[in-house]
Amino acid sequence: GKILLNHSVPRFFKNYQRRKFPMETYIAALDQGTTTSRAILFNSRGEIVSKAQYPFRQIFPQPGWVEHDPMEIWATTVRALSEAVDAAHIDPKAIAGVGITNQRETAILWDRRTGQPVYNAIVWQCRRTAEICDRLKADGLGETVTEKTGLLIDAYFSGTKLKWIMDHVPGVRQRAERGELCAGTVDSWLIWNLTGGKAHVTDYSNASRTMLFNIYTLQWDPALCAALDIPMDLLPEPKSNSEVYGHLASGLPGLEDLAGIPVCGSAGDQQSALFGQACFTPGQAKNTYGTGCFTLMNVGDTPVRSRSGLVTSVGWQVAGKTVYALEGSVFNAGSTIQWLRDELGLIQSAPECDRLAESVPDSGGVVVVPAFTGLGAPYWDMYARGTIVGLTRGSTKAHIARAVLECIAYQTADLVRVMNADAPCPLTELRVDGGASVSDILMQIQADLLRLPVDRPTQVETTAFGAAALAGLAVGVWNGFDELAALRRSQCVFRPQREEEACLADLARWHRAVERSRSWIENNV
Ligand code: ADP
């Protein structure tokens, strides 16, 4: 009996395993952010198997200017990917695809033959093209831009950054006109390099952030390209967010073992987080609580024109179906906690802010308006500055800490209010992520103000997971939205608890405080 078992069980078990548990497959997500390049390997259950990240230089040539070295973006990405694959101890052949998510709007121009950038990447934060934007506005282009691209004219978007490089770097315009150059956002740059220069593409979500892309026709707009003197053959081919763009080239230094793996998903970071949070149904939205806040809402198959200065972009296109996203952002959110720590020295760490805030029942009437760099939607006041109102002799740092958490939630509530007014479908719940979403007290305050469930997932890497999900859909690791939605688990759902009347009174007081912060500095100070 024993001998028989020794011989037959392993064989039986092997066959059984092969049938029941086919070889595990993995997806590599590259999350190319503003300060770090990261790589995360996910298994087919959507779990993180390994990750690696490398920071790179922030270059500030002048006040208000921000650049990155595209070669450093590429080198740190390669290093992160190679290290994450090593750390996973898996057969690289088990990696079914690579997905990309990236800092949006950042613009790069490079030589098609040599792969050398002609200038540094001009980063989304860079304000150097504000004057170009003023001129475009004076020329009356604002309405056309909004109508076609879903955006507003602003230095934030890529179009004027590409124009600046061509206008200011000697010889570049001539080279561009001779067809020697490629232009693109960071997704294009990475895909071009990963495929050894074979694929010059971008995805619809990234293209939506250039101010050159018609979000209705899903094509580059000739009139806008002409207005910005950008030759159209410089631009990458726009593609859906989930398809094979190309394959990893052989002999890429550091990635030799990965040759032939398809690059098959791509989305800008915010859209990727919306996808990673499985907001597949119109009316679903996510908010990322980072330095600032980014709220995106799935508005379905038709772009929405905002009455409050929100923008509309392609969320994604998968299997021929396009989904649009309404987007609003808060400039200062988590940064207000950092300000409490670094500038005021009232706390040692962000978690201490939570503990202080929990030690008091309310802010004792104190309201903080963190308009450090002006106010965004729905106020759009560049001349607002921060203020603290409602101080009494009894106000403590605990009250101020609580007011700081509250102001993050108030600003998000303001955004959600105007989103609901713009969107065809009301918001049903808010899915949350980002560094400050770990704060239970902040999430509870948010749920009370919104009168909606606030849902925090177990998977905190929603941005990277979105890219992995898009790539995995393209190569059959996952088959459809239901399967992806089932991978998302709620870690905690915060529901409204406080009386609505008290919350409305607090919001009214917040709005009075906002009025006091507005138009504080002179227009040209
Ligand atoms: P970004 O990607 O914009 O750099 P992150 O998503 O990493 O931002 O989030 C960083 C922010 O999260 C910081 O501004 C910090 O104040 C906030 N944060 C981190 N931990 C906590 C915490 N325990 N409670 C509240 N806020 C926190």
Side-chain angles (χ1 to χ4, degrees), residues 29-38 40 51 53-56 58 66 68 80 101-106 123-125 156 186 268-274 276-277 286-296 327-360 363 368 370 372-373 376 386 397-398 400-412 430-447 454 456-457 459-467 491-492 494:
L30 301 178
D31 181 358
Q32 206 302 308
T34 307
T35 56
T36 55
S37 299
R38 310 168 68 222
I40 302 186
K51 50 179 159 181
Q53 67 177 60
Y54 286 95
F56 51 86
Q58 305 293 311
V66 189
H68 294 155
T101 180
N102 56 288
Q103 53 168 322
R104 302 179 302 174
E105 297 100 13
T106 298
V123 177
W124 58 274
Q125 296 149 321
Y156 181 24
V186 172
D269 53 11
Q270 298 310 319
Q271 285 99 329
S272 191
L274 188 69
Q277 287 269 25
K286 71 90 193 172
N287 190 30
T288 302
Y289 295 84
T291 308
C293 280
F294 283 95
T295 313
L296 270 78
E327 172 172 340
S329 51
V330 165
F331 302 142
N332 287 287
S335 60
T336 320
I337 301 170
Q338 292 170 321
W339 170 75
L340 215 54
R341 183 192 62 195
D342 302 337
E343 273 72 24
L344 296 194
L346 289 186
I347 53 171
Q348 298 283 317
S349 67
E352 194 186 335
C353 185
D354 296 339
R355 286 197 301 275
L356 267 176
E358 282 157 0
S359 73
V360 287
S363 72
V368 174
F372 302 134
T373 50
K397 67 177 181 176
I400 293 174
R402 187 155 184 125
V404 161
L405 294 183
E406 286 176 356
C407 80
I408 298 172
Y410 288 137
Q411 293 183 95
T412 303
L430 189 67
R431 299 185 166 188
V432 298
D433 51 44
S437 72
V438 303
S439 167
D440 287 351
I441 178 170
L442 172 58
M443 296 301 104
Q444 185 57 53
I445 295 169
Q446 191 72 79
V454 167
R456 186 171 63 195
Q459 173 61 270
V460 292
E461 296 282 3
T462 54
T463 305
F465 182 65
Q491 182 265 337
C492 189
F494 299 84

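Ligands are counted one by one from 1 in listed order, and the atoms in each one are counted from 1 as well.
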Which residue supplies the protein heavy atom nearest to [atom], what is that atom called, and how far is it?
{"atom": "atom 11 (C) of ligand 1", "value": "G290 C, 4.1 Å"}
{"atom": "atom 10 (C) of ligand 1", "value": "G435 CA, 4.1 Å"}
{"atom": "atom 13 (C) of ligand 1", "value": "Q338 NE2, 3.8 Å"}

Enumerated ligand 1 atoms positioned under 4.0 Å from heavy atoms of [X]:
{"X": "T291", "result": "1 (P), 3 (O), 4 (O), 8 (O)"}
{"X": "S439", "result": "24 (N), 25 (C)"}
{"X": "G434", "result": "6 (O)"}
{"X": "S335", "result": "14 (O)"}
{"X": "G334", "result": "14 (O), 16 (O)"}
{"X": "V438", "result": "21 (C), 22 (C), 23 (N)"}

**Prompt:** Quick check: does any side chain N or O of S329 sit under 3.5 Å from a backbone N or O of F294, one acting as donor and the other as acceptor?
**Reply:**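 Not a single qualifying donor-acceptor pair exists.
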
Spacing of [X] atom [atom1] and [Y] atom [atom2] [to the nearest 0.5 Å]:
{"X": "D269", "Y": "T101", "atom1": "CG", "atom2": "OG1", "value": "5.0 Å"}
{"X": "L430", "Y": "T295", "atom1": "CG", "atom2": "OG1", "value": "7.0 Å"}
{"X": "N332", "Y": "Q411", "atom1": "CG", "atom2": "CD", "value": "7.5 Å"}

**Asked** Which residue from A436, P351, A350, C293 reaches closest to atom 12 (O) of ligand 1 through any of its heavy atoms?
**Response**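 Shortest heavy-atom distance from atom 12 (O) of ligand 1: A436.
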
**Request:** For ligand 1, note which part of D354 has a heavy atom under 4.0 Å away: side chain, backbone, both or neither.
**Result:**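 The answer is the side chain of D354.
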
**Message:** Tell me whether Q348 at atom CD has more than 12 heavy atoms from other residues, nucleotides or ligands lying less than 6.0 Å away.
**Reply:**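 No, because the 6.0 Å sphere around CD of Q348 holds 12 heavy atoms or fewer from other groups.
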
**Item:** Check: I337 and I347 side chains under 4.5 Å, non-hydrogen atoms
**Value:**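 The answer is yes, as the side chains (C-beta and beyond) meet within the 4.5 Å cut-off.
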
**Prompt:** Are Q446 and V432 close enough that some pair of their side-chain heavy atoms sits under 4.5 Å apart?
**Reply:**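 Answer no - side chains too far apart.
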
**Prompt:** Should the ring pair F372 and W339 be called parallel, tilted or perpendicular, given that the plane angle runs from 0 to 90° and is split at 30 and 60?
**Reply:**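 Judged by the thresholds at 30° and 60°, the geometry between F372 and W339 is tilted.
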
**Item:** Test item: protein heavy atom less than 4.0 Å from atom 2 (O) of ligand 1
**Value:**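 Within 4.0 Å: no protein heavy atom nearby.
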
